[in-house]
Structures are given as C-alpha cells and as structure tokens.
Amino acid sequence: MEDWLQLLISFFVANVLGYGGGPASIPLMYKEIVTNHGWLNDVEFSNMLALGNALPGPIATKIAAFVGYGVTGWLGFILAIAATVVPSAMALIWLLNQLQKYRSSPVVKGMTLLVQPVIAIMMLVLTWQIGKSSVISIGYLQFFGIAAVAFWAMNKRKIHPALVIVAAFAYGGLVLSQTM
C-alpha cells in the first residue's frame, strides 16, 4: 500500500476512535506510528510528543503534521492533517445538533462518565511505554532525577509545564552535546 494512503488511513482511524480529543488519540497514534508502521521509534515519538506539547495548539494536528511531512513530504503533511481534522469537524457539527436534542438524557451523561476510565488507562499504558524507553536511554538515576525536578518545579514552584518541558529539552541537549 502506498505511504500516503497508509498515512490517511492511520490518522483517520486514530482520530475517529480517539474519543475525547488529543489525549485519547495519542496512544492510538503511537500504535499506528511506532508499532504498526515504524515511521518513528519510541525515543523519536517521545521527543516529538514533548516538543508538540510545548507548542500551542492541539497535539493531534502537530503529530499529524510532523509524521506526515516526514513520511511523504508536503502531501503527507496535508493528508495527515486532513485525516485528523476533517472527521472531527464533521462529527462535531453533527454531534452539536444531536446534543441540543438529548442534552438532559441520562444515557448521554452515563456514556461520558464511562469513557473517562478507558482514556485514563490508555494514557497510563502510553506513559509506561515511553517511560521504559527513557529509562533505557538515560538510566534510572537521570530518569527519576528529571521526574523529581519536574514534579517539584510544577507542584511546589508552580512553574508552567511548557517551561519545564523546555528546560528538560535544554538539559537533554547539554547532556547529549557532552557525550558527543
């Protein structure tokens, strides 16, 4: 199958099944990007995800743009973003109309509550997979040291997570430049 068609199908499926937006789509995208197609490895996906979270805007479109361009250039860029945005936009328009009709229904309220644990588990699995590759890459000491400093910075010092991510990037760049 052509790469452009695989991009289109992969991002379409990940975003159609990713109920709740970016956080729910990320594990599905990981499965398509890393596991199914090998367009990126664990470390590259982790780096792209960290950088994407530091930038403004929805994470799903940033992932789609990065991977799409990397796989087939500008065509992949456009197709991956379209597969990410168009289904959601069409569904949103339709669902908003339906929501107006059934917004007080206990079934709708119950469905929303029952999906939340599934999303939490998917994010936990993704965190575990990315954490394993990080420990392998940098070792336990640096992994837990960075985690502890990030926790302290965000919870005790109330530093914005984007600034913590940028600091981690800077630290990684310094460490990498020292080893080369």
Measure the spacing between [atom1] of [X] and [atom2] of [Y] and express it to the nearest 0.5 Å.
{"X": "F144", "Y": "S134", "atom1": "CZ", "atom2": "OG", "result": "11.0 Å"}
{"X": "L17", "Y": "F12", "atom1": "CG", "atom2": "CZ", "result": "8.5 Å"}
{"X": "F45", "Y": "I130", "atom1": "CZ", "atom2": "CD1", "result": "5.5 Å"}
{"X": "K101", "Y": "N97", "atom1": "NZ", "atom2": "CG", "result": "7.5 Å"}
{"X": "K31", "Y": "Q129", "atom1": "NZ", "atom2": "CD", "result": "8.0 Å"}

Starting from [Y], can I reach [X] by hopping between I/L/V/M/F/W/Y residues whose side chains sit under 4.5 Å apart?
{"X": "L51", "Y": "I63", "value": "no"}
{"X": "F66", "Y": "I33", "value": "yes"}
{"X": "M48", "Y": "L126", "value": "yes"}
{"X": "I146", "Y": "I165", "value": "no"}
{"X": "L5", "Y": "L79", "value": "yes"}

Fill in: Stepwise side chain to side chain contact (heavy atoms under 4.5 Å, CB included) test for E32 and L28
CA-CA 6 Å; E32 291 294 323; L28 300 170; 5.9 Å; no

Worksheet item: Run the side chain to side chain contact (heavy atoms under 4.5 Å, CB included) check on M154 and I159 step by step: do they pass?
Response: CA-CA 5 Å; M154 289 187 294; I159 297 173; 5.5 Å; no

Worksheet entry | Worked verdict on Y30 versus L49 for side chain to side chain contact (heavy atoms under 4.5 Å, CB included) | CA-CA 10 Å; Y30 174 87; L49 186 61; over 6 Å; no

When you measure from the side chain of [X] to the backbone N and O of [Y], does any donor-acceptor pair fall under 3.5 Å?
{"X": "H37", "Y": "W39", "result": "no"}
{"X": "T61", "Y": "P58", "result": "yes"}
{"X": "K62", "Y": "G57", "result": "yes"}
{"X": "E44", "Y": "N41", "result": "yes"}
{"X": "S10", "Y": "L7", "result": "no"}

So which heavy atom on [X] is nearest to which on [Y], and how close?
{"X": "Q142", "Y": "I138", "result": "NE2-O, 3.6 Å"}
{"X": "N15", "Y": "A83", "result": "CB-O, 4.3 Å"}
{"X": "A54", "Y": "A162", "result": "O-CB, 4.3 Å"}
{"X": "S25", "Y": "A14", "result": "OG-O, 3.8 Å"}
{"X": "S46", "Y": "S133", "result": "OG-OG, 4.1 Å"}
{"X": "T72", "Y": "W4", "result": "CG2-N, 4.0 Å"}

Taking [atom1] in [X] as the centre, count heavy atoms belonging to other residues, nucleotides or ligands within less than 6.0 Å. Is the count above 12?
{"X": "L55", "atom1": "CG", "result": "yes"}
{"X": "F151", "atom1": "CZ", "result": "no"}
{"X": "F143", "atom1": "CZ", "result": "yes"}

